[in-house]
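To start, the structure itself, in structure tokens.
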Amino acid sequence: MTIEDELTDAMAAHVAGVQAPPDLGGSVRRRNRSRVLRFRVAGAALVTAAVAVAVPVALNSGEPAGGNAASGQNRAVMQEDVTVPDVTGKTATEATETLRAAGLLAGLAATEARNDRVAGQKPAAGQQVAPGSQVELTLEPPPATMPQDLGDLGDGREFGGIRLDYLPDGLEWGKWSGKDGFGKRSYTTTFDKPGNEPGHYSVQVIVFEDAAAKSAVARFPKDGAEVVDLGGGLKARLATLGEGGEIVPDGADGTLTIAWKLRDGLAVEVCLSPDYVKDVDGPAEAKKIAEGIRATG
């Protein structure tokens, strides 16, 4: 019998009672709007441990299995640690194949997210780990799908019964629109700098009709808001508002907002994001946008 045959028999004897758990393939779970791909290899790790620790074999092919080496000590098959490869930026499927080739993991869950790319990994690339170790991959979420409740708005400047005649330089339509998110018969869309990810905005415009218009005007704080003359007899209120709609002190986090009644049954709010206000004269731009909004019906 050859040394290879003896090693095979020894391995079979030590792992005969080992059964891989049903979840050996792996599972996908979501956390904080990003998905975490976990590969479970507990069964494989157990097999590796049993072989590495408990199978005494000769390292010299001229020595019988189970015999003593020249030192008189039994020798065990030892498995060296492996280096975790860098799989960030790869798709989940590519990362699975790369890590599998390194002897670190295998899993079926990768097929459920094969188009997502790896944003992070733990253990990190370059670390030394035992063969069969688990690697946790943090996947980039899929691109956000923005609603198109009002359909194709062209350049986005005309919707909900109003028209924007002025926008600050460098902004373009955010290519989405929402309906009834601020009360029944309310409409909204945003404008942003090119290249920003979906969901980000620089300027948001909200239009309120009928009952929604009355509610919008009533809820805007009066005390502490600046009264702005928009011309044509229109007066607006300008303030930086917190998440609860309250006016916040200068310098505090909040959204610069200007609101006014354009005509009976029609009110408008224009909001400038905190990030955008850092780059422009927020109150001046808010006033210019508001002055350039007119009713179309």
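Linking Ile, Leu, Val, Met, Phe, Trp and Tyr whenever their side-chain heavy atoms come within less than 4.5 Å puts V228 and V268 in one cluster. Cluster membership check: V217 does not share its hydrophobic cluster with Y187, using side-chain heavy-atom separations under 4.5 Å among Ile, Leu, Val, Met, Phe, Trp and Tyr. L256 and L230 fall within a single hydrophobic cluster, where Ile, Leu, Val, Met, Phe, Trp and Tyr are joined by side-chain heavy atoms under 4.5 Å apart, directly or via other members. In this structure, L266 is a member of the same hydrophobic cluster as L164, with clusters built from ILVMFWY side-chain heavy atoms closer than 4.5 Å.
Under the salt bridge (charged side-chain N to carboxylate O under 4.0 Å, His left out) criterion, D210 pairs with R185, not counting sequence neighbours. In this structure, the salt bridge (charged side-chain N to carboxylate O under 4.0 Å, His left out) partners of D279, at least two apart in sequence or on a different chain, are K193. By the side-chain contact (heavy atoms from CB on, under 4.5 Å) test, D253 is found to be paired with no residue, residues two or more places apart in sequence or in another chain being considered. In terms of the salt bridge (charged side-chain N to carboxylate O under 4.0 Å, His left out) criterion, R237 has no residue partners (sequence neighbours excluded). A search for salt bridge (charged side-chain N to carboxylate O under 4.0 Å, His left out) contacts involving D229 returns K235, not counting sequence neighbours.
Judged by distance alone, the side chains of W176 and T189 never bring a donor and an acceptor atom under 3.5 Å apart. A donor-acceptor contact closer than 3.5 angstrom links the side chains of D86 and T88. Checking T83 against Q128 by side-chain atom types alone, a donor-acceptor pair falls below 3.5 Å. Inspection of the Y276 and E285 side chains reveals no N or O donor paired with an N or O acceptor under 3.5 Å.
A donor-acceptor pair under 3.5 Å links the side-chain atoms of E246 to the main chain of G244, judged by distance alone. Of the possible polar contacts, none joining the T138 side chain to the Q121 backbone as a donor-acceptor pair under 3.5 Å is found. In this structure, the side chain of T93 does not engage the main chain of T91 through any donor-acceptor pair within 3.5 Å. The backbone N or O of L104 lies less than 3.5 Å from no partner atom in the side chain of Q134, so there is not a single donor-acceptor pair.
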For residues 200-208, dump all side-chain donor-acceptor pairs below 3.5 Å to protein atoms at least two apart in sequence or in another chain.
unit_1, atom_1, unit_2, atom_2, d
H200, ND1, D192, OD1, 3.4
H200, ND1, D192, OD2, 2.9
H200, ND1, N196, ND2, 3.3
S202, OG, D192, OD1, 2.7
Q204, NE2, T188, OG1, 2.9

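Between R219 and E269 a salt bridge is recorded (basic side-chain N to carboxylate O distance below 4.0 Å).
A distance of 8.0 Å separates CD in E291 from CD1 in I258, rounded to the nearest 0.5 Å.
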